[in-house]
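In what follows, a single structure is set out as structure tokens and then discussed.
Atoms considered below: every heavy atom in the structure, side chains included; atoms not considered: hydrogens, waters and symmetry mates. Not measured: the values here are computed from a predicted model.
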Amino acid sequence: MAEIISNNPHSIVSPDAELKSATPLNTTPAADAEVRPGHRAGFVNIVGNPNVGKSTLMNDLVGERVSIITSKAQTTRHRIMGIVNAPEYQIVFSDTPGVLKPNYKLQESMLSFSEGALTDADVLIYVTDVVETPDKNSDYLEKVAKQKMPVLLVINKIDLLKGNGELDAIVARWKETLPNAEIFPVSAKENFNTANLMKRIVELLPPSPPYFGKDALTDKPARFFVTEIIREKILLDYDKEIPYAVEVIVEKFEEKDSSIHIMATIFVERDSQKGIIIGKAGSKLKRVGTEARKDIEAFFNKRVYLELFVKVEPNWRNRENKLRAFGYIE
């Protein structure tokens with residue numbers, strides 16, 4: 001049985017977060033669900049270039065911290081679902097990795113998540129911001145322009161603009177590029193105009209029973225969020241290439257009534273990276289462990305014993321067998 005995080009009024013790392021069991025995911029509407037007449041449900045995929053605020057927007061729309069957020073590009077590596085439920089509808093959001101030209105096989109896998117998001121959406125959200133221009137990654141944008149499903153173009157970070165004239169020029173430029181898209185200027189960070197975006201998404205959902213249980217929040221198992229919390233701390237605490245050469249795997253997860261014992265391995269590609277991760281006398285690794293443990297304890301509302309190990313796995317980002325083991329290739 002897969003674990004699914006229960007939908008509740010707290011964040012993904014809140015003290016009162018609760019775990020529920022569910023059957024493995026599928027895309028068939030739940031046959032035994034009791035739903036109101038006229039119920040709507042659909043898949044809403046969020047795509048765009050790196051660092052435009054896709055994960056921030058996802059968390060704002062879902063109302064939970066489903067995706068980790070840092071200022072670094074390529075923070076999101078997997079396709080992560082966040083599910084919003086109401087008596088009248090169910091929205092299955094997908095946060096995807098930023099679109100980029102791949103330099104190694106891991107990035108090819110990340111791009112495949114973003115490409116796949118163009119084929120299975122009921123509504124597509126293309127996120128840009130007030131800085132980037134339509135000519136960035138134009139190949140992918142051309143594919144977006146050819147889509148038959150409704151496309152909502154979100155211009156994020158408008159809180160950075162100084163006047164309406166700037167926004168008018170940006171909107172006009174994007175209308176030429178995606179003439180069939182509906183445009184929503186927003187600030188996901190400031191929660192500005194996201195309510196209107198959400199209202200429009202609900203209006204565009206097709207009639208359907210829910211695809212998942214009405215208490216489901218995400219498709220990912222709880223252990224996935226343990227690895228993401230640890231990886232988030234690494235993204236925040238290390239610079240340059242180090243965060244991008246790192247993968248985290250939970251090797252042991254023993255849960256008792258009042259505590260959890262977790263053993264996780266941080267994989268890097270070179271011995272020099274291992275030394276940087278560990279730091280002098282283990283100081284850097286200890287800091288990552290302390291920061292991650294606090295968030296994991298809040299998530300499970302239990303005392304956590306977290307053991308971190310660092311191993312070298314040469315060139316793992318270009319090895320299909322390792323990418324498959326790490327969940328990037330099926």
Side-chain angles (χ1 to χ4, degrees), residues 42-61 67 69 71-76 79 91 93-103 107-108 110-206:
F43 292 83
V44 179
N45 297 346
I46 302 173
V47 299
N49 291 318
N51 249 14
V52 292
K54 297 185 299 299
S55 295
T56 302
L57 179 66
M58 164 91 153
N59 290 346
D60 183 83
L61 293 173
S67 292
I69 299 171
S71 60
K72 291 183 171 70
Q74 302 177 49
T75 294
T76 301
R79 183 172 173 177
I91 309 173
F93 287 103
S94 281
D95 185 18
T96 61
V99 179
L100 46 79
K101 296 185 185 302
N103 294 315
Q107 290 183 339
E108 290 177 6
M110 291 163 61
L111 180 60
S112 72
F113 291 140
S114 300
E115 299 258 354
L118 297 178
T119 64
D120 59 6
D122 294 296
V123 179
L124 188 68
I125 299 178
Y126 185 88
V127 183
T128 182
D129 62 20
V130 298
V131 177
E132 76 170 18
T133 55
D135 58 356
K136 182 177 180 180
N137 227 331
S138 56
D139 291 345
Y140 188 84
L141 200 56
E142 288 177 7
K143 295 177 182 178
V144 172
K146 295 177 181 178
Q147 299 307 308
K148 302 301 183 183
M149 80 284 285
V151 176
L152 306 181
L153 173 66
V154 171
I155 302 173
N156 193 25
K157 306 180 184 179
I158 63 170
D159 52 300
L160 301 179
L161 296 176
K162 297 179 180 178
N164 288 332
E166 289 182 82
L167 180 59
D168 291 342
I170 293 170
V171 169
R173 190 160 59 236
W174 278 101
K175 278 185 176 179
E176 292 182 4
T177 305
L178 292 176
N180 295 325
E182 297 182 49
I183 298 179
F184 287 82
V186 310
S187 172
K189 182 179 178 181
E190 303 294 333
N191 307 115
F192 178 78
N193 204 34
T194 53
N196 286 328
L197 174 63
M198 186 69 166
K199 179 181 178 182
R200 183 56 178 148
I201 291 169
V202 173
E203 291 172 350
L204 292 171
L205 293 176

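Looking at heavy atoms from C-beta onward, Val127 lies in side-chain contact with Val52 at the 4.5 angstrom threshold. Two residues are said to be in side-chain contact when any heavy atoms from C-beta on lie closer than 4.5 Å; Val44 and Asp122 fail this criterion.
Every pair passing salt bridge (Lys or Arg N to Asp or Glu O under 4.0 Å) that includes a residue from residues 156-167 is listed here, sequence neighbours excluded: Asp129-Lys157.
Under the side-chain hydrogen bond (donor to acceptor under 3.5 Å, both in side chains) criterion, Thr133 pairs with Asp135, sequence neighbours left out. Annotation: salt bridge (Lys or Arg N to Asp or Glu O under 4.0 Å) contacts of Glu190 (sequence neighbours excluded): none. Listed by chain and residue number, Leu124, Tyr140, Lys143, Val144, Gln147 satisfy the side-chain contact (heavy atoms from CB on, under 4.5 Å) test with Leu118 (two or more places apart in sequence, or in another chain). With sequence neighbours left out, Asn45 forms a side-chain hydrogen bond (donor to acceptor under 3.5 Å, both in side chains) with Arg79, Asp120. With sequence neighbours left out, the side-chain contact (heavy atoms from CB on, under 4.5 Å) criterion links Lys136 to Asn49, Glu132. By the side-chain contact (heavy atoms from CB on, under 4.5 Å) test, Pro134 is found to be paired with Leu141, Arg173, Trp174, Thr177, residues two or more places apart in sequence or in another chain being considered. Under the side-chain hydrogen bond (donor to acceptor under 3.5 Å, both in side chains) criterion, Asn180 pairs with no residue at all, not counting sequence neighbours. Applying the side-chain hydrogen bond (donor to acceptor under 3.5 Å, both in side chains) test to Asp60 and every residue at least two apart in sequence or in another chain returns Asn191, Thr194. Taking Ala181 as the reference, Val151, Leu153, Leu178 meet the side-chain contact (heavy atoms from CB on, under 4.5 Å) condition, with sequence neighbours excluded. With sequence neighbours excluded, the residues satisfying salt bridge (Lys or Arg N to Asp or Glu O under 4.0 Å) with Glu182 are Arg200.
Annotation: the span from Ile201 atom CD1 to Glu203 atom CD amounts to 10.5 Å, rounded to 0.5 Å. The line from CD1 of Ile183 to CG of Leu197 is 12.5 Å long, rounded to the nearest 0.5 Å.
Of all heavy-atom pairs spanning Gly42 and Pro206, the tightest one is CA-CD, 4.4 Å. In plain terms, the two heavy atoms of Pro97 and Ser114 that are nearest each other are O-OG, 2.6 Å. Closest non-hydrogen pair, Lys54 versus Asp95, comes out as CB-OD1, 3.7 Å.
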Determine, stepwise, if the pair Leu152 / Leu204 fulfils side chain to side chain contact (heavy atoms under 4.5 Å, CB included). CA-CA 10 Å; Leu152 306 181; Leu204 292 171; 3.9 Å; yes

Can you check side chain to side chain contact (heavy atoms under 4.5 Å, CB included) on Ile170 and Ile158, steps first, answer last? CA-CA 10 Å; Ile170 293 170; Ile158 63 170; over 6 Å; no

When you look at Asn156 and Leu57, which way does the side chain to side chain contact (heavy atoms under 4.5 Å, CB included) test go after all the steps? CA-CA 9 Å; Asn156 193 25; Leu57 179 66; 5.6 Å; no

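Put simply, the side chain of Thr96 gets close to the backbone of Ile46: a donor and an acceptor are under 3.5 Å apart.
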